[in-house]
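A short worksheet on the structure shown next.
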Amino acid sequence: MILVELFDLVSVENVSGFLLLEPRKVVFLGETEKINAALEAYREIAQKRGKNIEFFSCAIEKNNLSKIVQTMQKILEECFKQYPNEEIVIDLGGGDDLALVAAGIIYEMYKGKIQLQRFSIATGCMIDCDEGTVISDAFTGKFSVEEYIMINGGKVKCSVGLHSSGNHREIDAEFEKDILAMWNICKENPSSWNRNVNAIGNTSGGMVYVEKSFLRRMSTAGLIKNYKEKYGGRVSFDFKNNNVKRCLTKSGTLLEFYVTLGALKMKDEKGEYVYNDVMTGVQIDWPHDGNNEIDIENEIDVILTRDLVPVFISCKNGAFTSEELYKFSVVAARFGGEYVKKVLVTPYINKKEASKEEILAMRPAQRKEYSKRRQLLARAEKMGIEVIGAEVLYV
């Protein structure tokens, strides 16, 4: 098969066709500079998946319909001559309006000799645009987190947390039990959790203060071992294991792992895992052109992929600012593309609105804090960020 792709700025539209149809050759039509910048990632993805595909770029004058038609004609004639027995398909998933009009004209000119197809990201189906029928509804091109970052111009520098892919689940039954035990303690008083865990994880040297009642609960729950209270207020203990240590030395890690646990356990009506790839603490490296509005923190707490749809999640176990929301939104949009789902998970916000009576009963400082949190909720929703707050986390 020879696949002709109308290059699109929405990168997932460019790759869905060749992942599903598995052609021997793909010709991208568009601005060659942008196409060539993307082809390295496309080739790498194809090679890693064991697909032997040749990729080419061809320039078109995007504002000149007749020239676009002429370019398409030239490509098709060359394909007929070089590959007389190959099926030729034009993918209508990408491209701008004029390129799509040109594809329609070309189809009428070569009717019976070429096919028009389009992949629907929403349904996961490849549609035959000649007949209006579904060719395939079993998309097998599930994207990994790393691949999704790649097609959007970045690289996963590292993942400092968990990585579960396919049927490999990094959270086993024992770790799941520990996560739930820690979460039950954390959700009683997130401020206390953050304060004590940050103190335990303090690596600056010198004395730090950790509440003994907190450590006793950790010991009773089996999360720390050999706990001893010594003379002068000192204590000693060992962490149960490295995974528990990670949760008890950085305050935000537990919420990330709790969210990851929930994602890993989700299954669809067929009993299959909903998310095919899950990564936490994802550090992203991408080329800076010097025109960025802000110095973006290129780390996302949790990224999930479901087929071709990525979910970027920010976990905030304590207070945060609208600036942090903006940075998260920018990075998610940059590397998640058109179809990204942005989610904020935080017990700091309760989406349930307080009643008039409850607001009047608040002290001035409480009322001010409540107003601040409602403003953050409104800001997040305006950015298209779905908020999962205390009303869900504390059930």
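Just the heavy atoms: all of them, side chains too, but no hydrogens, waters or symmetry mates, feed the values below.
Asn152 pairs by the side chain to side chain contact (heavy atoms under 4.5 Å, CB included) definition with Ser11, Tyr148, Arg334, Phe335, not counting sequence neighbours. For the side chain to side chain donor-acceptor pair (under 3.5 Å) test, no residue two or more places apart in sequence or in another chain qualifies with Glu386. Residues satisfying the salt bridge (charged side-chain N to carboxylate O under 4.0 Å, His left out) criterion with Glu381, sequence neighbours excluded, are absent altogether. Under the side chain to side chain contact (heavy atoms under 4.5 Å, CB included) criterion, Lys230 pairs with Arg234, Ser236, not counting sequence neighbours. Listed by chain and residue number, Phe55 satisfy the ring-ring contact (aromatic ring centres under 6.0 Å, His included) test with Phe18 (two or more places apart in sequence, or in another chain).
Across every non-hydrogen atom of Asp91 and Leu6, the tightest pair is O-CG, 3.9 Å. For the pair Leu308 and Pro310, the tightest heavy-atom approach, listed with the atom from each and the gap, is O-CD, 3.7 Å. Annotation for Met218 and Ile185: closest pair CE-CD1, 3.3 Å, computed over non-hydrogen atoms. Considering every non-hydrogen atom in both Ile68 and Lys62, the closest pair reads CD1-O, 3.8 Å. Scanning both residues, Val244 and Leu223, for their nearest heavy atoms gives CG1-O, 3.4 Å. Here the closest non-hydrogen pair linking Ser251 and Asn194 is CB-OD1, 3.4 Å.
The pair Lys25-Glu86 fails the salt-bridge criterion, with no side-chain N (NZ, NE, NH1 or NH2) lying under 4.0 Å from an Asp/Glu carboxylate O. Between Lys240 and Glu174 there is a salt bridge, since at least one side-chain N of the basic residue sits less than 4.0 Å from a carboxylate O of the acidic one. Using a cut-off of 4.0 Å between Lys/Arg side-chain N and Asp/Glu carboxylate O, Lys48 and Glu147 are scored as not salt-bridged.
Paired with Gln366 under the rule side chain to side chain contact (heavy atoms under 4.5 Å, CB included), one option of Glu369, Lys368, Arg363 passes, and it is Arg363.
Atom CG in Asp96 sits 8.5 Å away from atom CG in Asp8 (nearest 0.5 Å). To the nearest 0.5 Å, atom CG of residue Leu3 and atom CD1 of residue Ile53 are 8.5 Å apart. Rounding to the nearest 0.5 angstrom, the gap separating the CG atom in Asn317 from the OH atom in Tyr348 is 12.5 Å. Rounding to the nearest 0.5 Å places OH of Tyr258 at 6.5 Å from CG of Leu180. Expressed to the nearest 0.5 Å, how far CD of Glu13 lies from CZ of Phe7 amounts to 11.5 Å. Here the CD1 atom belonging to Ile200 is positioned 5.5 Å from the CG atom belonging to Leu248, to the nearest 0.5 angstrom.
Surrounding NZ of Lys212 are more than 12 heavy atoms belonging to other residues, nucleotides or ligands, all under 6.0 Å away. By the 6.0 Å contact criterion, NZ on Lys187 is enclosed, its count of non-hydrogen atoms from other residues, nucleotides or ligands being greater than 12. By the 6.0 Å contact criterion, CG on Asn52 is open, its count of non-hydrogen atoms from other residues, nucleotides or ligands being 12 or less. Other residues, nucleotides and ligands place no more than 12 heavy atoms under 6.0 Å from the CD atom of Glu33. Counting non-hydrogen atoms of neighbouring residues, nucleotides and ligands closer than 6.0 angstrom, the CD atom of Glu229 exceeds 12 such neighbours. Counting heavy-atom neighbours within 6.0 Å of Arg379 CZ, excluding the residue itself, gives a total of 12 or less. Residue Asp238 qualifies as enclosed at atom CG: its count of foreign heavy atoms under 6.0 Å is above 12.
The side chain to side chain donor-acceptor pair (under 3.5 Å) pairs that include a residue from residues 67-80 are Glu77-Tyr110, where partners are two or more places apart or lie in different chains.
Side-chain N/O atoms of Asn36 and Ser57 include a donor and acceptor closer than 3.5 Å. Residues Thr305 and Asp277 have side chains that never bring a donor and an acceptor to within less than 3.5 angstrom of each other.
No side-chain heavy atom of Gln117 sits less than 4.5 Å from a side-chain heavy atom of Ile127.
Distance alone, capped at 3.5 Å, is enough to place a donor-acceptor pair between the Arg367 side chain and the Ile359 backbone.
Between Trp193 and Phe214, the ring-plane angle classifies as perpendicular under the 30° and 60° cut-offs. Ring planes of Phe257 and Phe175: perpendicular class, angle over 60° (limits at 30 and 60°).
Val12 and Leu9 fall into different hydrophobic clusters, defined by Ile, Leu, Val, Met, Phe, Trp and Tyr side-chain heavy atoms under 4.5 Å apart, directly or through other members.
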